[in-house]
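Note sheet for the following structure.
Just so it is clear, the structure is predicted and the values come from calculations on it, not from any experiment. Numbers here simply count residues along the sequence, with the first being 1. Just so you know, ligand 1 is whichever comes first in the structure, and atom 1 is the first atom listed for that ligand.
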Amino acid sequence: MSTVENQTAHEAGELEAIMLVGGQGTRLRPLTIGVPKPLLPTAGVPFLAHQLARAAQAGVTRIIMATAYRAEMFAEVFGDGTGFGLEIVYVHETEPLGTGGGIRNAAASLRSGPDEPVVVLNGDILSGHDLSAQLDLHRKTDAAVTLHLVEVPDPARFGCVPTDFDGRVTAFLEKTPNPVTNQINAGCYVFTRRYIDAMPAGQVLSVERNTFPDLIAAGETIMGFVESAYWLDVGTPEAYVRGSCDLVLGELSSPAVPGATGSSLLLPGASADPSATLCGGTVLGSGSSVGAGAMVDGSVIFDGVRIGAGAQVTASVIGSGAKVGDGAILDGVVIGTGADIAGGNELRHGLRVWPGVTLPGTAVRFSTDA
Ligand code: GTP
């Protein structure tokens, strides 16, 4: 039996994970201009809080947070992880190293032994999949890496990941109009530690374009763990809003949601006129208010927002301190921090209003619709 000093992480009851949070989140601009995607308020707490709480529930004990963009903000929010029953350590890339490079860069902080499993999580995924079952498959097959794969109805939008009859991944295929499978990479990997150490250090690497194809070419086993529980990549505004609403509605359970699940969540200090309707999993941030007869459906309203009487807000994100005038109609839009949308405006699908912008009070109809 090993001495305490010689114990590997697993003998000591540890399960380590690397959390990739270094991306710039360009698809979520302007929301991510000042705040990294994993810290955006989601069902009342920073997005990553849901992942951390679920990881802890699944037995992860120690997280290496692989940061690059706005690195310092993560430690300010999550500290040493005690609040989640986790130990969190932070590593920083001075230049973003990509997903593969970020994993390799975090290796120096791991305590797991060379043959022990290390979980890697993309920091922008909401997933209800069974991580313990993924770990079991990894151990049973002695794979180099075991990937969570999900089946999607529209695989042409993604790169796809075919597997053989034994569940081994055979290739990583770029986006194509005629994908050979509807399985895609779901952004949660179990690596056997030594395969992380074997990756080239100090260079930009993508797991999908470099690491995984190289392992397959070298004859190593990459297993696919196909599971169809709740899964969402919150990389776009539509998906981010959907994810927040699903958490509020209880479509995916998360111990980090600060309140009971239901049709809406009002954070402390938020208020809505009794004649207003809040539904569809809407979150109303601290100090925000909704006026008489207004309707806010399936939206994320940050802190200190004022929504005027009779306004209609659907499937939208409204940044902190923004104002939405009486009777304005917002559908599927992103309103940046402190923007001021006067009453009478009608903003529709895909529109993004930059922080601080004022849209004047004359009735204007903006839309990206044809
Ligand atoms: P977009 O710019 O909108 O594509 O978002 P993104 O920058 O987050 O990229 P993507 O969605 O492809 O990233 C997947 C995950 O990897 C996210 O959790 C990112 O935070 C993370 N990530 C992406 N690039 C890096 C990097 O260079 N270093 C680290 N440590 N993490 C990264």
- Side chains of F78 and P46: does their closest heavy-atom pair fall under 4.5 Å? yes

- Close residues, ligand 1: non-hydrogen atom nearer than 4.0 Å: L20, V21, G22, G23, Q24, G25, T26, R27, K37, A66, E93, P96, L97, G98, T99, N122, G123, D124

- Task: Sort and list the pairs that fulfil salt bridge (Lys or Arg N to Asp or Glu O under 4.0 Å) and have at least one residue in residues 173-185, not counting sequence neighbours.
- Result: none

- Query: For the side chain of D326 and the backbone of A309, is there at least one donor-acceptor N/O pair under 3.5 Å apart?
  - Reply: yes

- Ionic contact status for R242 with D246, cut-off 4.0 Å: yes

- Query: Within the side chain of N122, is there an N or O that forms a donor-acceptor pair under 3.5 Å with the backbone of D124?
  - Reply: no

- Item | Salt-bridge criterion met for E116 and R193 (N-O under 4.0 Å) | no

